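For reference, the structure is listed below as structure tokens.
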Amino acid sequence: MANKDVTDPARMEKIVSLCKRRGFIFQAGELYGGLNGCWDYGPLGAELKRNLKDFWWRKTVQERDDVLGMDGSILTHQDVLKASGHVDSFNDPMSECPLTKARLRADQVPAAGPGTEVTFLGAKDEESGKTTDKSFTVLIPEGKQEPERSAEKFAIQFYRELLGKGSKPVLDPAARESRPGPREGALYNPENGVMLSEPRSFDLMLSTKLGALALDNDPKAIAYLRPETAQSIFCQYKNILDSNRVKLPFGIAQVGKSFRNEINPRNFTFRSREFEQMEIEYFCHPDDGLRLTDEWLEARLAFYEEIGIPREKLHILDIPDGERAFYSQKTYDIEYEFPFGIQELEGVAYRTDYDLGVHQKGAGKPLEYFDEETKTKFLPHVVEPSAGCDRTVLALICEAFDEETLTDDKGKDDVRTVMRFKPSMAPIKVGIFPMLKKNEEQVAIAKDIQKSLQKWMTVFYDDGGALGRRYRRQDEVGTPYCITVDFDTLGENGEELKNTVTVRDRDSMEQERMKIDALLPWLLERVR
RNA sequence: GCGGGCGUAGCUCAGUGGUAGAGCGCCACCUUGCCAAGGUGGAUGUCGUGAGUUCGAAUCUCAUCGCCCGCUCCA
């Protein structure tokens with residue numbers, strides 16, 4: 001549940017602004033006015049996102065012996081999504097009430113009882129003289145006194161809305177029709193009897209046509225951009241099982257793009273039309289499903305802790321009966337306190353054998369598992385931890401963003417913007433500076449250090465402007481350490497300081513002197 | 001999709017019918033011995049886009065795209 005009390009739009013605006021200013025995230029197609037619900041990651045955002053995905057893959061696939069990875073096609077056979085139920089449920093025809101703007105599923109609108117149907121063909125505003133020929137129809141139930149009078153009230157309300165605030169719509173008595181209703185095929189709002197708009201289907205999946213000649217709108221040429229990565233896992237489950245000598249329980253993991261034609265993209269990258277998921281489908285014996293769902297929840301919470309999202313900022317929602325998808329026996333939502341409210345990062349859902357069941361039926365091919373020990377055949381159940389990658393990147397950014405007020409020697413306040421990323425997530429691990437750009441020896445040593453470190457981690461060399469300014473620039477993008485080559489490094493202040501540099505810590509702003517040779521192991525221990 | 005607000009330099013914004021601005025940032029040079037603050041010079045805008053009204057539009061009108069808020073939706 002979104003708690004309105006915790007929203008902080010001003011903070012969010014600063015975050016969005018910093019993302020653009022420093023090259024984390026830009027709006028897609030900005031040059032041409034922007035493309036709604038689509039975003040591009042700039043240099044720093046791309047590093048951050050890659051760090052997250054790589055870490056997830058390492059923890060989920062490489063460091064476990066019961067999870068295998070795959071990378072499925074984005075273009076999806078339409079039959080896959082017909083079997084999964086996406087084609088139908090993503091195409092609900094919806095009708096709208098022109099008066100209340102309520103949107104109703106056309107197939108669920110109850111049939112209206114008998115009455116008088118009145119249609120108005122337009123109205124004129126007494127004040128401005130503006131007219132409209134938009135028609136408005138309402139069904140007044142049988143038994144109501146003076147049905148035309150009741151209908152007029154609705155009509156005036158409708159036309160007032162249409163003609164604008166303060167308008168006084170007048171109905172032309174000639175421009176109306178009355179007849180017994182309801183009419184065959186027409187839908188009426190059960191709340192007020194107003195005739196609903198023609199059902200329109202809201203296509204929530206993105207589709208394309210395969211084949212160079214997508215002729216005649218051949219419906220067989222339609223392919224969908226996958227609305228979730230899960231389906232390719234279910235469809236390849238058997239191949240992976242057969243080719244990898246695995247036994248239940250085991251999981252298949254995937255990181256990749258999915259697409260949904262969101263009606264209303266919102267909240268920066270949080271709800272986008274193109275987004276990346278990090279999903280696991282964990283196949284198991286039916287007896288183990290509920291227990292494994294709880295275990296995965298714990299594993300996932302530990303993951304968030306590791307990437308720097310504290311447990312107390314996460315909220316776990318145990319979705320109650322009746323609110324879960326019909327096939328799910330247990331669903332947890334893991335939510336994070338974004339500045340725009342508490343919103344979902346990940347769902348951990350016990351989906352039973354629903355998915356394999358529908359594909360077994362849809363494809364007409366057996367997907368059962370034969371258990372050697374018990375000599376039984378059954379359809380595996382599945383636990384699905386499904387995380388939003390872009391959402392998690394956004395959470396990392398929101399969590400990292402900090403404005404620290406510093407007071408200098410003269411008692412003057414100064415605000416330091418710091419992205420407090422966990423070093424393992426930080427886009428740049430180390431900033432490397434010569435104290436003075438003009439000093440050739442310092443520059444040469446700094447560049448040597450850059451060369452030796454960049455095989456192992458992302459580094460950033462900077463010799464522009466005052467040193468303090470360079471530190472602050474790195475603070476703003478979350479670089480955990482900065483190395484400065486100074487006169488001590490050159491040996492000007494004694495042999496014991498020669499070949500040492502300072503390492504400045506982002507969070508404490510404190511500095512430590514160490515030998516150049518010691519840098520690599522010291523850093524590797526801290527930034528990975 | 002509906003209602004409201006908004007769109008001017010990289011960022012934050014001023015400019016309500018008459019020559020496109022400020023602060024910060026950015027670039028160059030100078031200065032600078034460790035936390036954004038000195039000096040000098042410089043670049044940057046079809047005023048979101050398109051049409052209309054007008055002698056003249058950043059400013060008024062309409063459309064369109066995008067952003068924010070509230071609904072709606074979220075298998």
Side-chain angles (χ1 to χ4, degrees), chain A residues 4 7 9-10 12-14 16-23 26-38 42 81 84-92 94-105 161 164-165 197 200 202 204-205 227-228 230-231 260-268 270-271 324-328 340-341 343-344 347 349 354 404 406 408-410 412 414-418 433-439 442 464-476 482-490 492-493 501-506 508-511 513:
Chain A
K4 307 281 190 255
T7 63
M12 197 59 212
E13 267 173 47
K14 285 183 198 165
V16 173
S17 169
L18 183 139
C19 281
K20 181 172 183 190
R21 185 158 37 86
R22 301 309 309 268
F26 310 114
Q27 189 178 15
E30 194 192 73
L31 199 56
Y32 291 92
L35 185 59
N36 192 266
C38 301
L81 296 163
S84 68
H86 286 88
V87 171
D88 287 337
S89 60
F90 267 59
N91 281 297
D92 292 340
M94 305 285 277
S95 282
E96 203 169 66
C97 173
L99 189 63
T100 64
K101 310 296 178 201
R103 195 186 290 157
L104 303 155
R105 272 183 62 166
E161 191 82 12
K165 265 187 203 137
S197 66
R200 276 190 300 165
F202 288 77
L204 298 183
M205 278 200 293
E228 60 180 24
Q231 296 307 322
R260 295 184 198 183
N261 203 4
E262 293 287 353
I263 291 171
N264 194 358
R266 268 303 152 89
N267 289 329
F268 200 28
F270 182 82
R271 178 163 298 160
R324 290 190 299 270
F326 66 90
Y327 48 76
S328 176
F340 46 82
Q343 298 279 347
E344 183 183 346
Y354 172 76
E404 183 183 34
L406 302 172
D408 69 12
D409 307 339
K410 294 162 204 146
K412 247 187 144 182
D414 169 37
V415 175
R416 181 172 81 117
T417 303
V418 201
F433 317 138
M435 172 164 259
L436 284 182
K437 169 160 65 164
K438 281 294 179 58
N439 186 303
Q442 287 179 9
L467 193 53
R469 183 196 280 287
R470 286 180 253 167
Y471 286 146
R472 296 299 182 87
R473 274 202 285 249
Q474 292 308 306
D475 288 342
E476 213 183 29
C482 291
I483 293 168
T484 301
V485 175
D486 57 16
F487 291 95
D488 291 353
T489 315
L490 309 179
E492 289 192 5
N493 296 307
V501 290
T502 64
V503 179
R504 179 260 196 188
D505 183 89
R506 176 194 69 199
S508 67
M509 297 171 68
E510 273 164 19
Q511 290 175 51
R513 261 212 110 76

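Because only heavy atoms are used, hydrogens play no part in the values below, and waters and symmetry mates are left out as well, while side chains stay in. To find a chain, count down the sequence lines: A is the first, B the second, and so on, and within it residues start at 1. In this text the structure is predicted, and so the values were computed from the model without any measurement.
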Under 4.5 Å between any side-chain heavy atoms of A:Arg260 and A:Glu228, yes or no? yes
When the distance from [atom1] of [X] to [atom2] of [N] is rounded to whole Å, what number comes out?
| X | N | atom1 | atom2 | answer |
| --- | --- | --- | --- | --- |
| A:Arg504 | B:C35 | CZ | P | 10 Å |
| A:Leu406 | B:C35 | CG | C1' | 8 Å |
| A:Gln474 | B:C34 | CD | C1' | 15 Å |

When both distances are under 3.5 Å in a Watson-Crick or G-U wobble arrangement, the nucleotide paired with B:U40 is B:A28
message: With a 3.5 Å limit on both atom pairs, tell me what B:G56 is paired to, counting Watson-Crick and G-U wobble, or say none.
response: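 Across all strands, not a single nucleotide pairs with B:G56.
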Tell whether [X] reaches the base of [N] with its side chain through a donor-acceptor pair below 3.5 angstrom.
| X | N | value |
| --- | --- | --- |
| A:Arg266 | B:C68 | no |
| A:Arg469 | B:G25 | no |
| A:Asp486 | B:C34 | yes |

Kindly say if [X] contacts the phosphate of [N], meaning a side-chain N or O under 4.0 Å from OP1 or OP2.
| X | N | answer |
| --- | --- | --- |
| A:Gln27 | B:G66 | no |
| A:Asn493 | B:G33 | no |
| A:Lys438 | B:C30 | yes |
| A:Arg271 | B:C74 | no |

Protein N or O to nucleotides 7-12 of chain B N or O, pairs below 3.5 Å:
unit_1	atom_1	unit_2	atom_2	d
B:C11	OP1	A:Lys20	NZ	2.4
B:C11	O3'	A:Ser17	OG	3.3
B:C11	O2'	A:Ser17	OG	3.4

Can you check the distance between [N] and [M], where both ends of the measurement are the [atom1] atom (answer in whole Å)?
| N | M | atom1 | value |
| --- | --- | --- | --- |
| B:U19 | B:U32 | P | 45 Å |
| B:G17 | B:U53 | C1' | 12 Å |
| B:C71 | B:C13 | C1' | 30 Å |

Between A:Arg472 and A:Asp414, the two heavy atoms sitting closest are NH1-OD2, 2.9 Å
### Message
Please compare A:Gln511 and A:Glu262 by the position of their nearest nucleotide in RNA chain B and report the one closer to 5'.
### Response
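Counting from the 5' end, the first nearest nucleotide belongs to A:Gln511.
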Ranking A:Gly468 and A:Lys437 by the position along RNA chain B of their nearest nucleotide, the one closer to 5' is A:Lys437
Item to complete: Fit a plane to each ring of A:Tyr354 and A:Tyr327, take the angle between them on a 0 to 90° scale, and name the class: parallel (under 30°), tilted (30 to 60°) or perpendicular (over 60°).
Response: parallel
| request: May I ask you to say what A:Gly347 touches in the nucleic acid, namely base, sugar-phosphate or nothing, with a heavy-atom cut-off under 4.0 Å? | output: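 Counting heavy atoms under 4.0 Å across all strands, no contact is made by A:Gly347.
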In A:Gln511, A:Arg470, A:Met435, A:Arg504, the residue satisfying side-chain contact (heavy atoms from CB on, under 4.5 Å) with A:Thr484 is A:Met435
